[in-house]
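Below is one structure; the comments refer to it alone.
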There are 2 protein chains.
Amino acid sequence: MGDPVFEDLTARARIRDAAIRLFAEGGTGGTTVRDIAQAAGVSPGLLRHHFGSKEALREACDGYVLDRLVQIKEELLLENKMASPGFLPSVHPTILLFYRYVTRALLDGSPRAAALFDDMVLLTEQWIGKNAPDVTTDYRGFAAVLVGMQSGILAMHDHVSRALGVDIFTAGGHVRMAGALADFYSHPLLDPEFAAQARRAMEPLQSTETPTAAGDDPGAEGA
Amino acid sequence: MGDPVFEDLTARARIRDAAIRLFAEGGTGGTTVRDIAQAAGVSPGLLRHHFGSKEALREACDGYVLDRLVQIKEELLLENKMASPGFLPSVHPTILLFYRYVTRALLDGSPRAAALFDDMVLLTEQWIGKNAPDVTTDYRGFAAVLVGMQSGILAMHDHVSRALGVDIFTAGGHVRMAGALADFYSHPLLDPEFAAQARRAMEPLQSTETPTAAGDDPGAEGA
DNA sequence: GTGGACGCTATACAGGCGTACAGTCGGCTA
DNA sequence: TAGCCGACTGTACGCCTGTATAGCGTCCAC
């Protein structure tokens, strides 16, 4: 009905919040309804009473997180707080949690998260056309790679955090990662000629059978 | 014992290969021992007979894939076939499958895959020091981000493939992605001054509470 | 005051999971 | 030929999962 933040304080909200946190950490497959119920301090049956099923609860969480995310984004735009990408996440633990949730949802195959991914690709494609039209001829591919990397590095959360020695879903860790990202985005790593040469070398290789076909045997190939 | 490719043709090898393929596609949690047995054309009991448990089977697969990967890599280095990174994967469907397996293993928390990740970070760190020492002051952070992105984009396989309209774990799709990556690595996307400004803006934000603490309530924050 | 609805709990059920085990078949050795 | 050993199967057990349902207490409308 109204603003979602006013519906809360209820057990239903506690369930949803607990589910968001647990789904973000362990995915839908790694989280049981009993886990969620315990984290929310209610009985497992109440989940079903309020949400009908685990899948419906997941969809409710998806909708809530995504709606809140665009809501927060719009607020920031109105208040003119927009700075660099990745700026505000650092100040807002909730956004960090929501990022983590969306990343997990992407891996779990959530349709709404997938739609968000597609939106980001489209937006990035347009951004490239406007701000960096000469970096590539394949706008769509470039945008897909960019968005895939951005979300993918969050999917590799555990390993990046371990390498950094700090959790990237804390404010300090996220800032550290964003700093490295800023370095990365502002400096070319490869000689353009080397890149072009690599592209030429790869082009004739597009026609090979697919790797996941039923009959293939990874161990049967020569020395 | 000897060269792993000579131990095969057996049911044990068929089980292992089926497990590698299914683990790569659905992860360990999304794959049952009955699935693997059926794919290998044997009874579920035989998995236990040969490998002891599902977890032990996974470790065997981890070891096999990782060993074969370094073996292939060494062969390529010896034969002097080394060209651009991402070149050989295109010609070898098995390597594509193994990449996919390792990516999934990373997400599933495989210790051996994590060790591989750490090795890659170390190697990348050294590469930066030698080939691009001026792009950052945080070599470790830069390397972690780089490796995290490289593996992360594979973790986002479904979504990147959907945006591209072609499966990135087929030869053609991988080439398309690698081309966009080459563009990406060879061109700066952000003005260095803008990046520095972003970094300055983020620095004072490092001290905030953690987002995943037990008591926090994502819905309880103001409009 | 009373009836009904709602929030909520406790218990039970069916299915799928990893695992365990008894037993069969076939080939190798003495 | 007799005996053994490893590969392999079928079945069953116990556990955990999501789901279903009956019943309890409380609050509000009439």
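Throughout, protein chains are lettered first and strands after them, A, B, ... in sequence-line order, and every chain is numbered starting at 1.
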By ring-ring contact (aromatic ring centres under 6.0 Å, His included), B/Y101 pairs with (sequence neighbours left out) none
Residue pairs passing the salt bridge (Lys or Arg N to Asp or Glu O under 4.0 Å) test with at least one member in residues 28-52 of chain A, sequence neighbours excluded, are none
So the salt bridge (Lys or Arg N to Asp or Glu O under 4.0 Å) pairs with at least one residue in residues 106-126 of chain B (sequence neighbours excluded) are A/R162-B/D118, B/D67-B/R112, B/E125-B/R140
Nucleotide by nucleotide, nucleotides 24-29 of chain D touches protein heavy atoms under 4.0 Å in the pattern (B base, S sugar-phosphate only, - none) ------
Residue set satisfying side chain to side chain contact (heavy atoms under 4.5 Å, CB included) with B/A39, at least two apart, ordered chain then number -> B/A18, B/R21, B/L22
Could you go through B/L146 and A/L189, starting from their C-alpha distance and side-chain angles, then the distance that decides it, and tell me whether this counts as side chain to side chain contact (heavy atoms under 4.5 Å, CB included)? CA-CA 11 Å; B/L146 204 45; A/L189 227 49; 3.6 Å; yes
Would you find a donor on one side and an acceptor on the other, under 3.5 Å apart, between the side chain of B/R176 and the backbone of B/L164? yes
Contact check, residues 42-55 of chain A vs DNA chain D, heavy-atom distance under 4.0 Å, returns A/R48, A/S53, A/K54
Note, B/R12 side chain near B/F51 side chain (heavy atom, < 4.5 Å): yes
Taken to the nearest 0.5 Å, the spacing of B/F169 CZ from B/D158 CG works out to 9.0 Å
Contacts of A/D62 meeting salt bridge (Lys or Arg N to Asp or Glu O under 4.0 Å) (sequence neighbours excluded), chain-then-number -> none
Across all chains, not counting sequence neighbours, the salt bridge (Lys or Arg N to Asp or Glu O under 4.0 Å) partners of A/D183 are B/R199
Overall bend of the helix from C/dG1-D/dC30 to C/dA30-D/dT1 (five pairs an end, 10° steps) is 10°
Contacted region of DNA chain C by chain B, from 5' end to 3' end of the hits, cut-off under 4.0 Å to heavy atoms, spans C/dC17 to C/dA20
When rounded to whole Å, the CZ to P distance for the pair A/R34 and D/dC15 reads 14 Å
- Query: Contact class for B/T28 vs. all strands (heavy atom < 4.0 Å): base, sugar-phosphate, or nothing?
  - Reply: nothing
Sorted by chain and number, sequence neighbours left out, side-chain hydrogen bond (donor to acceptor under 3.5 Å, both in side chains) with B/Y185 holds for B/Q150
Applying side-chain hydrogen bond (donor to acceptor under 3.5 Å, both in side chains) to B/H157 and not counting sequence neighbours gives B/D167
Can A/R68 be said to sit on top of A/F98's aromatic six-ring, NZ or CZ under 6.0 Å from centre and within 45° of the ring axis? no
